Amino acid sequence: MEQARKRAEELLKIMTLEEKIGQTVQYGRYDDRRVELIAAGRVGSMLNVYGAERINELQKLAVEKTRLGIPLLIGDDVIHGYRTIFPIPLAEAASWNLEAMENNARIAAVEAASEGIRWTFAPMVDVTREARWGRIAEGAGEDVYLGSLAAVARVKGFQQANAEGYPTVAACVKHFAGYGWVEGGRDYDTTDMSERTLREHILPPFLAGIQAGAMSVMTAFNEVSGVPASSNVFLLRDILRNEWGFEGITVSDWESIEEVIYHGYAEDRRDAAMKGMRAGVDMDMHSGVYQEHLASIIEERPDMLKLLDEAVLRVLTIKYALGLFENPYTDVHQHEKLILAPEHLQQARLSASQSVVLLKNNPGILPLDFTKHRKIALIGPLADDHHHTMGCWSHKGREEDVQTVRDAFTAELAPHAEIFYEKGSEVKEELEGGLERAVALAEQCDIAIVAVGESEDMTGEHYNRTVINLPECQERVIREIKSRTNTPVVVVLMNGRPLAIEWVQENADAIVEAWHPGTMGGGGILDVLTGAYNPSGRLPVTFPRATGQVPIYYNRKSTGRPNLYEDYLDCDDNELYPFGFGLSYTTFAYSDLSLDRTSIQADGEIKVSARITNTGTRAGEETAQLYIRDMVGSTTRPVKELKGYRKLFLQPGESAEVDFTLTATELGMLDEKLEFTVEPGKFTVWVGPHSAEGLQADFLVV
Ligand code: GLC
């Protein structure tokens with residue numbers, strides 16, 4: 001990066017004001033006006049432009065028509081795959097498999113770069129406890145520790161070196177910051193949180209991604225405690241630049257600089273441009289306020305030129321660091337051998353299986369047993385939908401590439417079982433005669449696999465829900481099959497958020513959470529249902545019993561009356577499924593929790609070990625999780641905090657020891673002054689299968 005910066009400094013010296021401003025301008029629509037501006041050197045980046053030929057055309061304008069020939073940086077939302085779509089990020093997080101997350105991001109980058117895209121607006125690293133919020137689908141769930149690890153894995157995957165040694169694409173940790181705290185789960189709404197919450201739960205995944213080398217940060221739409229994130233000097237200069245030393249670029253979210261006007265924070269577009277540049281937003285995504293007003297702002301306030309120069313230097317540095325000056329054009333045939341490559345599809349199928357969480361499995365239901373499950377009723381609106389299977393942010397995915405559950409069952413189970421299909425209902429409304437046909441089919445079959453959940457347009461940006469149940473028409477199909485037949489029902493959930501499915505939990509014979517599993521989702525789900533893949537997913541979010549419990553999360557505070565009253569008059573207090581929960585086709589036992597000492601100094605370390613045994617009849621993967629609790633602090637501490645996990649694959653009867661080391665990094669906290677410290681006192685540690693269970697022991701920090 002140092003070499004890139006030096007070259008950028010030399011180039012900056014000879015740039016005119018107009019050329020400098022051009023580098024801070026990004027447009028997301030490709031039209032004649034923008035083509036004109038590109039040719040005039042007044043645009044530095046584009047998004048939503050597709051195809052190597054089209055991108056090369058634009059690049060040619062920038063490189064060959066303008067005075068300095070500065071190449072464009074082409075960005076896109078490559079969130080969970082480009083043409084090969086992987087499980088949605090929340091599903092990937094459910095795998096707790098960092099290698100898979102990194103590999104998926106790497107493949108997505110390779111496919112995107114093969115068509116000229118060199119910047120992705122991902123990973124989204126917004127921690128959230130808001131199941132009503134559509135964008136919970138895009139992140140890694142409710143936990144800051146898992147979210148930080150996922151951020152690192154995805155940044156490394158996206159920025160993996162290409163054949164020329166440059167990052168394949170620049171990653172962009174987003175949305176800085178606090179977007180996951182939107183009130184009521186209403187997208188873009190107000191977020192108001194203490195600096196403690198900001199620093200303990202929201203900022204760490206951004207810092208982790210930046211420390212992993214993330215080349216860019218996207219600023220959020222929301223305000224943060226009164227100041228819009230896209231004009232927030234405290235966030236963008238005090239924390240991001242001064243405290244963390246971040247040297248990459250910051251890009252606004254779509255028109256989010258202009259939107260500070262509507263927040264009531266800027267008078268007009270000129271004022272918004274001034275406040276964006278003052279705060280340190282290097283690039284204006286699509287609003288045009290920089291392109292229209294920065295020149296006159298700098299004329300009036302020459303001191304702002306320094307801020308512009310800093311922003312332009314960062315943009316140019318990234319372009320050099322990506323090798324765009326050396327190789328601005330894309331080989332228009334490169335994508336032919338990379339897009340949907342067999343190994344990409346294999347990875348997508350495996351990742352879909354790894355993301356499945358087995359939530360319930362009555363004896364003898366799963367995996368399917370073809371000696372008795374000879375006739376299989378496949379039912380539900382998600383069982384054969386080539387669009388919704390991909391989930392949100394899958395705009396480059398194509399329906400013709402998708403293998404639905406029905407495709408996989410029909411293609412791969414033929415020798416073992418007869419497959420029959422009935423949709424049963426639409427996603428959001430009844431289907432004329434569908435319910436009756438589904439019940440009749442189930443009646444005639446040995447088992448019913450009912451694939452239900454959310455359509456792609458029920459999750460993701462601005463698709464928020466006030467009730468997070470299964471759509472009533474879908475649940476009715478399950479209810480009718482259960483009440484009118486004796487056929488066992490396996491519910492396959494395909495959704496982008498936790499669902500409040502208390503009745504399903506009580507009445508289904510088995511439940512697998514498959515999320516929106518991507519291009520090869522049908523095969524991934526099939527592999528779990530047949531036992532070819534023993535499910536190993538663990539929930540990255542708490543599932544509530546009812547929407548009214550939201551926000552509900554595992555790392556809550558004890559409160560002054562932890563057990564005195566029921567939280568609700570009309571609902572059990574506890575969650576439906578806890579964070580970290582997931583079953584297997586085998587069973588695991590935890591034993592021999594041991595600490596290598598009973599007390600440590602604040603700067604000491606303590607080793608924690610436990611033994612996990614596969615006590616079942618199938619090989620399987622367990623995710624042993626380590627949680628701590630600081631029992632008494634100068635500020636109140638969560639009742640549990642995830643501080644480590646180990647994934648281990650064990651044969652039947654096999655056991656293995658897992659070891660963890662706890663140091664100040666894991667045991668520390670922010671004191672009343674928000675200073676990091678390790679306070680003396682009693683700690684409790686758990687090692688177990690999820691956040692609500694585990695072997696426990698205590699130790700002291702002295
Ligand atoms: C959207 C999203 C952001 C995305 C950007 C460009 O509104 O908030 O995540 O990267 O605009 O599409």
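Start at 1 and go down the list; that is how both ligands and their atoms are numbered. Numbering of residues begins at 1 and proceeds along the displayed sequence. All values derive from a computational prediction rather than experimental measurement.
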Looking at [X], which atoms of ligand 1 are within less than 4.0 Å of one of its heavy atoms?
{"X": "F221", "answer": "7 (O), 8 (O)"}
{"X": "M218", "answer": "3 (C), 10 (O)"}
{"X": "K174", "answer": "3 (C), 4 (C), 9 (O), 10 (O)"}
{"X": "R135", "answer": "2 (C), 3 (C), 8 (O), 9 (O)"}
{"X": "F121", "answer": "10 (O)"}

Nearest-neighbour protein heavy atom for [atom], which is reported as residue plus atom name and distance:
{"atom": "atom 3 (C) of ligand 1", "answer": "D253 OD1, 3.3 Å"}
{"atom": "atom 1 (C) of ligand 1", "answer": "E461 OE1, 3.2 Å"}
{"atom": "atom 4 (C) of ligand 1", "answer": "D77 OD1, 3.1 Å"}

**OP:** Indicate yes or no: does D126 engage R135 in a salt bridge with an N to O separation below 4.0 Å.
**Re:** no

**OP:** Answer yes or no: is there an ion pair linking R83 with D76, defined by an N-O contact shorter than 4.0 Å?
**Re:** no

Subject >> Partner of Y179 by side-chain hydrogen bond (donor to acceptor under 3.5 Å, both in side chains), out of T219, D189, D187 >> reply: D187

Using modelled atom types only, decide if a donor and an acceptor are shared between the side chain of [X] and the backbone of [Y] within a distance under 3.5 Å.
{"X": "H344", "Y": "L338", "answer": "yes"}
{"X": "K174", "Y": "F121", "answer": "yes"}
{"X": "H388", "Y": "E456", "answer": "yes"}

**OP:** Please check if atom CG in D31 has more than 12 non-hydrogen atoms from other residues, nucleotides or ligands closer than 6.0 Å.
**Re:** yes

**OP:** With heavy atoms only and a cut-off of under 4.0 Å, state how E138 meets ligand 1: side chain, backbone, both or neither.
**Re:** neither

Original post:
Are any of the heavy atoms in H175 under 4.0 Å away from ligand 1?
Top reply: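 It does, in that a heavy atom of H175 comes within the 4.0 Å cut-off of ligand 1.
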
